[in-house]
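A short write-up of the structure that comes next.
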Amino acid sequence: MPSSGFVSTGHLPAAPDVGAAVQEAFARFSDARDGEPATVYPALERVDPDAFGVSLIDVHGTAWEAGDVTTPFTIMSVAKPFVFALAVRALGADRLDELVGVDATGLPFNSLEAVEAGPDGRTNPMVNAGAIATTALVPAPPPTSAGPPFATGCRRAGRPLTVDDEVYASASATNDRNRAIALAAEQPWAVGREPDDALDLYTRQSALSVAAHDLAVMGATLADGGVNPSPANASCRPSCATTSWR
């Protein structure tokens, strides 16, 4: 059994304890040099491996941070839970389960075999096949929407998110594996979006540029049912949950 210190109570510890934990985590891991930059896309190989920051923001907007919390990087697969939330909001959990699935595949995140083995190509929204399908199911914003691409209403991060064009181009030129997955997963496309279109949207959302602070705001927004904790967004609560990656 885990100790009580590792069981969620639904709220954070006292603010000084949270601040101390963030500083301790930063001090403990800031010198870590294990691993190598990702090579899945050529542009990712040039990312600065020394940039490191820790950001934690609660649902009231209180922030505890250390290090490079405003250094941008591409969101990649961290977009998946947020797109999943948008799809659940649009379609409902039961319908998304019916179309995409929620079961673990027991296979690598980019497995084509998982699509072929799953009933009607269903996997789950946290692996590439299910994430591409989930992206296809999120409704596009109205043509009259103001603002930059990928956003309607408020931004989950509290600011406009833009696509890193270099990473997007690099990923688009080398994502043959995801293209095969998109073409193999036939069932989700019955909702009216072509596989190539869904794959392009998925690639763009993966290339969104964020920082640790942005992700902390997004996480707090998700934790509080779509309410952005930033005081700057108080006037548009809770419509921040309408954010889209288009």
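Quick note: residue numbers are just sequence positions, from 1. All values below were derived from every heavy atom in this structure, side-chain atoms included, with hydrogens, water molecules and symmetry-related copies excluded.
- Phe73 and Leu161 fall within the same hydrophobic cluster, defined by Ile, Leu, Val, Met, Phe, Trp and Tyr side-chain heavy atoms under 4.5 Å apart, directly or through other members.
- A donor-acceptor pair is defined here as one N or O able to donate and one able to accept, closer than 3.5 Å; such a pair exists between the side chain of Thr174 and the backbone of Ser170.
- Neither Val47 nor Leu215 shares a network with the other; the hydrophobic side chains, linked directly or stepwise wherever heavy atoms of I, L, V, M, F, W or Y lie under 4.5 Å apart, form separate groups for each.
- Here Met218 contributes atom CE and His213 contributes atom NE2; the two are 12.0 Å apart, rounded to the nearest 0.5 Å.
- Scanning both residues, Ile57 and Ala63, for their nearest heavy atoms gives CG1-CB, 3.7 Å.
- The distance from the CZ atom of Phe26 to the OG atom of Ser55 is 12.5 Å, given to the nearest 0.5 Å.
- For the pair Asp103/Asn124, no side-chain contact is recorded, criterion being any heavy-atom separation below 4.5 Å from C-beta on.
- A pairwise comparison of heavy atoms in Pro229 and Asp58 identifies CB-O, 3.6 Å as the closest pair.
- Within a 6.0 Å sphere centred on CG of Asp50, heavy atoms belonging to other residues, nucleotides or ligands number more than 12.
- Summarising the geometry, atom CG belonging to Asp224 is positioned 8.0 Å from atom NE2 belonging to His60; distances are rounded to the nearest 0.5 Å.
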* Under the side chain to side chain contact (heavy atoms under 4.5 Å, CB included) rule, what do Val83 and Val138 come out as? Steps first, then yes or no, please. => CA-CA 8 Å; Val83 177; Val138 176; 3.8 Å; yes
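- When atom types are taken as modelled, the side chain of Asn228 and the backbone of Thr221 share no donor-acceptor pair closer than 3.5 angstrom.
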* To do: Decide side chain to side chain contact (heavy atoms under 4.5 Å, CB included) for Gln205 and Phe82; before the verdict, give the C-alpha distance in whole Å, the side-chain angles of both, and the deciding distance to 0.1 Å.
  => CA-CA 10 Å; Gln205 82 191 16; Phe82 300 104; over 6 Å; no
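- One hydrophobic cluster, built from ILVMFWY side chains closer than 4.5 Å, holds both Tyr168 and Val210.
- Scanning both residues, Gln23 and Ala66, for their nearest heavy atoms gives NE2-CB, 3.7 Å.
- Heavy-atom neighbours of Arg28 CZ from other residues, nucleotides or ligands within 6.0 Å: at or below the threshold of 12.
- In this structure, Leu96 and Leu137 have side chains that are in contact, with non-hydrogen atoms separated by less than 4.5 Å.
- For Arg122 (side chain) and Asp97 (main-chain N/O), a donor-acceptor pair under 3.5 Å exists by modelled atom type.
- The two residues Ala182 and Leu199 have their closest heavy-atom pair at CB-CB, 4.4 Å.
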* Start with the C-alpha gap between Arg177 and Asn128, add the side-chain angles, then the distance that decides, and say whether side chain to side chain contact (heavy atoms under 4.5 Å, CB included) holds. => CA-CA 10 Å; Arg177 183 77 171 184; Asn128 287 11; over 6 Å; no
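- The minimum heavy-atom distance linking Ala207 with Val167 is given by the pair CB-CG1, 4.2 Å.
- At distances below 3.5 Å, at least one donor-acceptor pair connects side-chain atoms of Thr123 with backbone N or O atoms of Gly130.
- No donor-acceptor pair under 3.5 Å is formed between the side chain of Trp64 and the backbone N or O of Asp17.
- Taken to the nearest 0.5 Å, the OG atom of Ser172 stands 7.0 Å off from the CZ atom of Arg204.
- Although no hydrogens or angles enter the test, the distance criterion places a donor-acceptor pair under 3.5 Å between the side chain of Asp68 and the main chain of Phe52.
- Residue-environment remark: CD (Glu113) stays at or below the threshold of 12 foreign heavy atoms within 6.0 Å.
- Val127 and Val88 fall into different hydrophobic clusters, where Ile, Leu, Val, Met, Phe, Trp and Tyr are joined by side-chain heavy atoms under 4.5 Å apart, directly or via other members.
- Side-chain contact between Val40 and Met76 is absent, with no heavy-atom pair separated by less than 4.5 Å.
- A donor-acceptor contact shorter than 3.5 Å is absent between the side chain of Asn175 and the backbone of Asn178.
- Hydrophobic clustering, with ILVMFWY side chains joined whenever heavy atoms are under 4.5 angstrom apart, keeps Val100 apart from Val102.
- Atom CZ of Arg179 and atom CD1 of Ile132 lie 10.0 Å apart (nearest 0.5 Å).
- The minimum heavy-atom distance between Pro195 and Leu183, with the atom names listed, is CB-CD2, 4.1 Å.
- Distance check, rounded to the nearest 0.5 Å: CG of Leu91 to OG1 of Thr134 gives 9.5 Å.
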